[in-house]
Amino acid sequence: MASLSLHNLNKIYDNNVQAVFDFNLDVKDGELIVLVGPSGCGKSTTLRMVAGLEDITSGTLIIDGKDVTQMPAKDRDIAMVFQNYALYAHMTVYENMAFSLTLRKEDPNVIHEKVLAAAEILGLTDQLNKKPRQLSGGQRQRVAMGRAIVRKPKVFLFDEPLSNLDAKLRGATRREILLLHKRLGATMLYVTHDQIEALTLADRIVCMSMGYVQQVGTPLELYDNPANIFVASFIGLPPMNMFDARVEDERLVCDGFDYPLSESERALLRDYVGKTVTLGVRPENIVPDNNGYLKASVTLNENLGQNTLVHGTVGGHKMTAKVREWCNYKKGDEVAFCLNRVHFFDKETTNAIR
Ligand code: ADP
């Protein structure tokens, strides 16, 4: 296992599209990093530069203390798991897992041991003689991971490994990857567009947009202290509610309601008096309160079992509250809420005001 450093990585493709701008990250030995962001934000390009599948236009890539920026993929000692598994259809599970070691001409006894050990970890012991077509999607994904594990690489790279699985299998396989990471203690770089995967798997998340890193931090840091409006909106479902808010001395004037500022919030917004900021509030922090200052007109009541999504409008604005009980609001009901924990963003820079 190894540490990994990406210093000022840039990628400009031949058609002059710059996919990645100044990417910086130090990954600790044994850390699971998830790169997350919408389609086209540069996640796969970053991963493929680490893998050696794309040239690095500029910057430095260090694996285990060694500069590998110019090193060919096959010498980097990394293993990549893809969403389409890329298994050999004519080979058995055993042969698929043994393949890279056979190519390296390792001792057949050692290969046998490694394949059996990986199969044990992945619960594939009974499947070793089957061909990929006889397996479920989840099992195929495990074989693809098995192929990576037997090589004992310095770094594991995952490129959207769950996106071909149905929702139930996705959850199960995600939990297997988490257990696998704990068991192997391996350094992993994992790419997904799914913020749930990022929140559940990552030691640290790297959230990207349009080729730029927006924020690096633990899942809780990104959820609780998003650096800007992009991260605040991308992480968390339903997304954070956003309102335009004019700052006055003791309150924020929003379309449809006034938000009373606490002492510390007033201090935070001192330089913004008279200006408009963006007020962000997560759905679970919009709490029903008979004396509440935010009065919404309900448009839809969605019961999820443990809680209820209450969709409504306030002023000219849509909003969603996540209420921790079973509610039976009807369309047109007026419901009063308070806001529990709010975030403020500069409207011009979109950065969090801290
Ligand atoms: P993501 O993995 O976040 O979906 P990608 O890294 O695949 O994003 O792509 C980032 C940007 O680079 C996109 O604008 C995409 O169109 C562009 N891109 C990706 N691969 C190539 C390529 N081989 N040639 C030119 N542009 C590419």
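Ligands are counted one by one from 1 in listed order, and the atoms in each one are counted from 1 as well.
- Remark: Asn290 CG is loosely packed, at most 12 non-hydrogen atoms of other residues, nucleotides or ligands lying under 6.0 Å away.
- Within the 4.0 Å heavy-atom cutoff, Gly37 does not count among the residues contacting ligand 1.
- Ranking the protein heavy atoms by distance from atom 23 (N) of ligand 1 puts Tyr13 CE2, 3.5 Å first.
- Residue Gly211 places every heavy atom at 4.0 Å or more from ligand 1.
- Among protein heavy atoms, atom 12 (O) of ligand 1 sits closest to Ala19 CB, 3.3 Å.
- A salt bridge links Arg204 with Glu31; the closest basic N to acidic carboxylate O contact falls under 4.0 Å.
- Taking the ring centroids of Phe257 and Phe337, they lie at or beyond the 6.0 Å cut-off.
- In terms of protein heavy atoms, atom 5 (P) of ligand 1 is closest to Thr45 OG1, 3.5 Å.
- Considering backbone and side-chain atoms alike, Gly42 places an N or O below 3.5 Å from some N or O of ligand 1.
- Here the options are Leu157, Val27, Leu25, the test is side-chain contact (heavy atoms from CB on, under 4.5 Å), and the partner is Val50; only Leu157 passes.
- Nearest protein heavy-atom neighbour of atom 7 (O) of ligand 1: Ser44 CB, 3.9 Å.
- One finds no salt bridge joining Arg48 and Asp159 here, because no Lys/Arg side-chain nitrogen approaches an Asp/Glu carboxylate oxygen to under 4.0 Å.
- Contact atoms of ligand 1 toward Pro38: 3 (O) (distance under 4.0 Å to a heavy atom of the residue).
- Under 4.0 Å from ligand 1, the heavy atoms of Asn15 that appear belong solely to its side chain.
- Applying side chain to side chain donor-acceptor pair (under 3.5 Å) to Ser5 and the options Asp26, Asn24, Asp64 leaves one that passes, Asp26.
- For the residue pair Thr45/Tyr13, the side-chain donor-acceptor check at 3.5 Å is satisfied.
- Nearest non-hydrogen protein atom to atom 13 (C) of ligand 1 is Gly40 O, 3.8 Å.
- Ring geometry, His90 versus Tyr88: the interplanar angle exceeds 60°, so the pair is classed perpendicular (tilted spans 30 to 60°).
- Residue-to-ligand polar distances place Cys41 within reach of ligand 1: an N/O pair is separated by less than 3.5 Å.
- Per-atom contact check: atom 16 (O) of ligand 1 does not touch the protein, criterion being a heavy-atom distance below 4.0 Å.
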